[in-house]
2 protein chains.
Amino acid sequence: MSVSISVMRRLPAYLHYLKQLPPDVENISATTIAAQLDLGDVLVRKDLNCISGAGKPRTGYSVKGLIDDLERVLGYKNKNLAVIVGAGKLGCAMLEHSGFEEYGLHILAAFDVDSNKIGITDSGKYIYPLSDFEEFCSQADVRLGVITTPACAAQEICDLMCRSGIRAIWNFAPIHLTAGKDILIQNENMAASLALLSAHLAEMGC
Amino acid sequence: MSVSISVMRRLPAYLHYLKQLPPDVENISATTIAAQLDLGDVLVRKDLNCISGAGKPRTGYSVKGLIDDLERVLGYKNKNLAVIVGAGKLGCAMLEHSGFEEYGLHILAAFDVDSNKIGITDSGKYIYPLSDFEEFCSQADVRLGVITTPACAAQEICDLMCRSGIRAIWNFAPIHLTAGKDILIQNENMAASLALLSAHLAEMGC
DNA sequence: TATATATCGGTATATTTTTATCGATATAAA
DNA sequence: TTTATATCGATAAAAATATACCGATATATA
């Protein structure tokens, strides 16, 4: 069964919630999950039904089974090689952040045009000159690119990534990127988040 | 007219596109914007109609007028005081990032439990001990809190923020936070983004 | 064993969001 | 001036998403 994007977005929350349950909890109901995550119980049941057909009346779902199914659907068991372009504050923070491994994302290195940034980080990862990018990606068979450059450079980097065999781009630059239809561009839309927060505050008369 | 969340999410893209146009472009059509941002022209027209009634047939919209209206609706002209809790890599990156000012977000300082983190950053902003949090917020009348702690600490910080008068929370910890209904919690759902990317790569047989 | 109950899963309905269609209109060109 | 065209804005349709309802069922309790 295909999983819609809306559903997909909620799955990580389910997984996280299930993982932090005490280990003696063997079964859990959609109702309980829904209450904890401020969602409707029917919605949760429908979501879980998309990825795992194994719910039992009165009992609920097997926690272990759900976790397995969620991790499979979410691809956390995959190993995705990634590189970062833009070794500014955010880029470096991501390069050094070990937490992405949990999601199957292995960040190999970062790249930057600024020669002052080239070198090795505290945690032992490398920042290479951008000129090495294409060769590095084809040799390491990198499929995922993270863009943490300023907006003005992002489209150019996006093009470079496409040329270098990258198939999915995680974009943190506040700009709309254009690429072929076979390339997935996921925008981390911080400006939109901020706008929602700001609007909420304004509404309250702050 | 009220602006739905879906619409709100697209507005920053419109604004950014309009701002980077050459200054001699006085008018622009929804069709043109749509083509540039890979959206439907009717959708763009409907969105713009939510925030600005001033489109003329054949001519389009006044660029200047649209920018004004967008900035007003998005609240970029507001001044929102914010603080960060969690002075790790991401927290520090955000603390030092000047780009948020453009969106009306003024980050005053960061807080952390770790006494080794306390001090002043390169750009002159302070990292205070968490024990000072509540007093700082009430004195400075801070309304927006950014959470960049590990997941295990996030709910506790969320509670602290609510007690301290904060009305909107920008949460980067990968966990669902619970707060009163008058508090807006905006989750920056990186895990969900990653899952979508990973699923796309898996689908392509990588 | 018989009954009660919480929960699932399917169907139906409601809501939200997006896309399509069409007449009206301002500008440009003939 | 007349005609052609690009665009708007309104209405309608379609698609996606979320919610409500209800019978079936596995477990618990009397």
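In what follows, chains carry the letters A, B, and so on, assigned in the order in which the sequence lines appear, proteins first and then strands, with residues in each chain numbered from 1. Side chains included, hydrogens not; waters and symmetry mates left out as well; all remaining heavy atoms used. Just so we're clear, the structure is a prediction, and the values are computed from it rather than from any experiment.
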*Asks:* Taking only side-chain N and O atoms of Ser29(B), does any of them lie within less than 4.0 angstrom of OP1 or OP2 on dT7(D)?
*Replies:* yes
*Asks:* Separation of Lys46(A) atom NZ from dT11(C) atom P, in whole Å?
*Replies:* 12 Å
*Asks:* Is Lys56(A) near enough to dT25(D) that one of its side-chain N or O atoms lies under 4.0 angstrom from OP1 or OP2?
*Replies:* no
*Asks:* Round to a whole Å and report the spacing from CZ of Arg58(B) to P of dC8(D).
*Replies:* 12 Å
*Asks:* Look at the side chain of Ala30(A) and decide which nucleotide, out of dC8(C), dT17(C), dT19(C), has an atom nearest to it.
*Replies:* dC8(C)
*Asks:* For dT17(D), does OP1 or OP2 lie under 4.0 Å from any side-chain N or O of Ser4(A)?
*Replies:* yes
*Asks:* Does the pair Glu71(B) and Lys19(B) meet the rule for a salt bridge (charged side-chain N to carboxylate O under 4.0 Å, His left out), with working shown?
*Replies:* CA-CA 11 Å; Glu71(B) 288 190 330; Lys19(B) 278 191 168 177; 2.8 Å; yes
*Asks:* Please report, rounded to the nearest Å, how far the P atom of dG9(D) is from the CG atom of Leu48(B).
*Replies:* 9 Å
*Asks:* Can you tell me how far apart CD (Gln36(B)) and CG (Leu21(B)) are? Round to the nearest 0.5 Å.
*Replies:* 8.5 Å
*Asks:* Does a side-chain N or O of Arg9(B) approach OP1 or OP2 of dT17(C) to a distance below 4.0 Å, or not?
*Replies:* no
*Asks:* In whole Å, I'd like the distance from the CG atom of Asn27(B) to the C1' atom of dA6(D).
*Replies:* 13 Å
*Asks:* Measure the distance from CG on Asp41(B) to P on dT21(C) and round it to the nearest whole Å.
*Replies:* 12 Å
*Asks:* Side chain of Pro57(B) only, heavy atoms from C-beta on: which candidate in dT21(C), dA26(C), dC8(C) is closest?
*Replies:* dA26(C)
*Asks:* Nearest whole angstrom, please: distance from the P of dA6(D) to the CD1 of Ile33(B).
*Replies:* 18 Å
*Asks:* Whether Tyr61(B) contacts dG9(D) is assessed here as follows: a side-chain N or O lying under 4.0 Å from the phosphate OP1 or OP2. Is that the case?
*Replies:* yes
*Asks:* Counting only side-chain N and O atoms of Arg45(A), is one of them less than 4.0 Å from OP1 or OP2 of dC8(C)?
*Replies:* yes
*Asks:* Respond yes when some side-chain nitrogen or oxygen of Asn49(A) is under 4.0 Å from OP1 or OP2 of dG10(C), and no when none is.
*Replies:* yes
*Asks:* Look at the side chain of Thr31(A) and decide which nucleotide, out of dT21(C), dC8(C), dC8(D), has an atom nearest to it.
*Replies:* dC8(C)
*Asks:* Specify the separation, in whole Å, of atom CD1 of Ile5(B) and atom C1' of dT17(C).
*Replies:* 13 Å
*Asks:* How many whole angstroms separate atom CZ of Arg10(B) from atom C1' of dT19(C)?
*Replies:* 12 Å
*Asks:* To the nearest 0.5 Å, what is the distance between CG (Leu197(A)) and CZ (Arg167(B))?
*Replies:* 13.5 Å
*Asks:* Is it true that Lys64(B) and Asp68(B) have a side-chain N and a carboxylate O under 4.0 angstrom from each other?
*Replies:* yes
*Asks:* With a 4.0 Å limit, can you tell me whether Thr59(B) has a side-chain N or O closer than that to the phosphate oxygens OP1/OP2 of dA26(C)?
*Replies:* no
*Asks:* Nearest 0.5 angstrom please: Leu177(A) CG to Ile147(A) CD1, how far?
*Replies:* 5.0 Å
